[in-house]
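The structure appears below as structure tokens.
We count ligands from 1, going down the list as the structure has it; atoms in each ligand are counted the same way.
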Amino acid sequence: MNSTATRLVIFGRQGAGKGTQCDRIVEKYGVVHLSTGDMFRAARDQGTELGNKVAPIMASGGLVSDELTIAIVEERLASEDIQRSGFVLDGFPRTPTQAEALLEMLGKDRLHAVINLDVPLEEVTARMKARAREDDTDDGIAKRLALYEQETVPTIEWFADRDLLVTVDGLGTEDEVTERLFEAIDGVLAATS
Ligand code: ADP
């Protein structure tokens, strides 16, 4: 991978505002936004073989298998634009198994930062109910948030144990959160360059 390419992972509960912040990270750091949720939704909407496989899993609020998810990310990471520009990974890794696979795929291309955009569970629950996307039934929301606590929180801790985690307070206006995020990213980039 290009030695100047920035390599980031961002965590945040459903409803934490990751989408907006990722757009801003893309604009400022010139990285590619790589969202496994977007990839799976696109496949589902196009009715590809992969899409048909993941559609019922997504509809029920479950997680796609590690094997399938890791394979998709590995293929995408090898693409020319990401090799050149770097990435902000969103929605992956979501399990410790995926986290291990990611570091293995990257090899000597270490991650610059793993950011936890932290918004408490009570706050995102309220935001999600107000927002109600197509796949956001009350049951679906509750299941996805519960899965986040079960699977993703341990993944975040996995990165914290490896001293890769930067926690950013996700409460406040979008601009306030962006400012905190940029400060955190600039900090790690300065430290690693
Ligand atoms: P949400 O954060 O609202 O669950 P995402 O957009 O990140 O939504 O993902 C949508 C769905 O795609 C998930 O509910 C899950 O079924 C699947 N998915 C996305 N990323 C992963 C992943 N890393 N591992 C397993 N399944 C995933």
Side-chain angles (χ1 to χ4, degrees), residues 7-23 25-26 31-78 82 87-106 111 114-159 164-165 168 170 177:
R7 296 176 292 277
L8 305 170
V9 172
I10 187 162
F11 283 106
R13 291 191 173 85
Q14 295 84 352
K18 252 186 324 171
T20 304
Q21 300 300 337
C22 279
D23 290 347
I25 289 172
V26 164
V31 292
V32 176
H33 181 207
L34 208 171
S35 153
T36 42
D38 285 353
M39 288 164 80
F40 288 138
R41 270 186 293 276
R44 178 195 64 192
D45 295 347
Q46 286 160 17
T48 63
E49 196 184 330
L50 168 74
N52 294 336
K53 217 185 272 183
V54 300
I57 301 170
M58 294 174 76
S60 73
L63 287 182
V64 177
S65 73
D66 283 336
E67 195 187 357
L68 201 56
T69 308
I70 289 165
I72 281 187
V73 171
E74 186 156 27
E75 190 186 333
R76 186 71 181 89
L77 280 180
I82 288 187
F87 57 80
V88 56
L89 260 173
D90 164 9
F92 181 94
R94 202 109 134 198
T95 63
T97 303
Q98 294 178 11
E100 276 172 36
L102 174 65
L103 293 200
E104 203 168 303
M105 286 174 215
L106 289 172
L111 288 169
V114 177
I115 298 155
N116 183 18
L117 181 60
D118 191 30
V119 179
L121 188 56
E122 311 77 66
E123 169 68 16
V124 293
T125 306
R127 288 188 194 174
M128 292 282 285
K129 287 195 170 151
R131 173 174 97 180
R133 217 167 50 191
E134 183 194 333
D135 51 352
D136 281 349
T137 59
D138 274 4
D139 265 12
I141 294 170
K143 186 165 176 192
R144 298 218 306 285
L145 285 170
L147 254 185
Y148 190 90
E149 303 307 309
Q150 277 164 33
E151 295 279 2
T152 309
V153 169
T155 312
I156 295 172
E157 283 161 5
W158 189 96
F159 282 108
L164 279 164
L165 194 74
V168 173
V177 175

In Å, rounded to the nearest 0.5 Å, how long is the span from NZ of K53 to CD of E49?
-> 6.0 Å
For E123, look at atom CD and say whether over 12 heavy atoms of other residues, nucleotides or ligands are found less than 6.0 Å away.
-> yes
So which bit of V64 gets within less than 4.0 Å of ligand 1, heavy atoms only: side chain, backbone, both or neither?
-> both
Do ligand 1 and Q98 have nitrogen or oxygen atoms that lie under 3.5 Å from each other?
-> yes
Flag yes if more than 12 heavy atoms outside D45 fall under 6.0 Å of its CG atom; otherwise flag no.
-> yes
Run the numbers for me: atoms of ligand 1, each under 4.0 Å from some heavy atom of Q14, listed by number.
-> 1 (P), 2 (O), 3 (O), 4 (O)
Which of the numbered atoms in ligand 1 are below 4.0 angstrom from a heavy atom of T69?
-> 22 (C), 23 (N), 24 (N), 25 (C)
Check: G91 N/O within less than 3.5 Å of ligand 1 N/O = yes
Identity of the nearest option to atom 3 (O) of ligand 1, non-hydrogen atoms only, from R144, M128, R13, K18 | R144
Short N/O distance, under 3.5 Å, between D38 and ligand 1?
-> no
Kindly give the heavy-atom pair with the smallest separation between L102 and L111, and that separation in Å.
-> CD2-CD1, 4.1 Å
With a 4.0 Å cut-off, would you call R13 and E149 a salt bridge?
-> yes
Under 3.5 Å: N/O of F92 near N/O of ligand 1 = no
Could you tell me the separation between the CG atom of L164 and the CD1 atom of I156, rounded to the nearest 0.5 Å?
-> 13.0 Å
Close N or O approach (G62, ligand 1; < 3.5 Å) = yes
Would you check if I10 and L89 make a side-chain contact, meaning some heavy-atom pair closer than 4.5 Å?
-> no
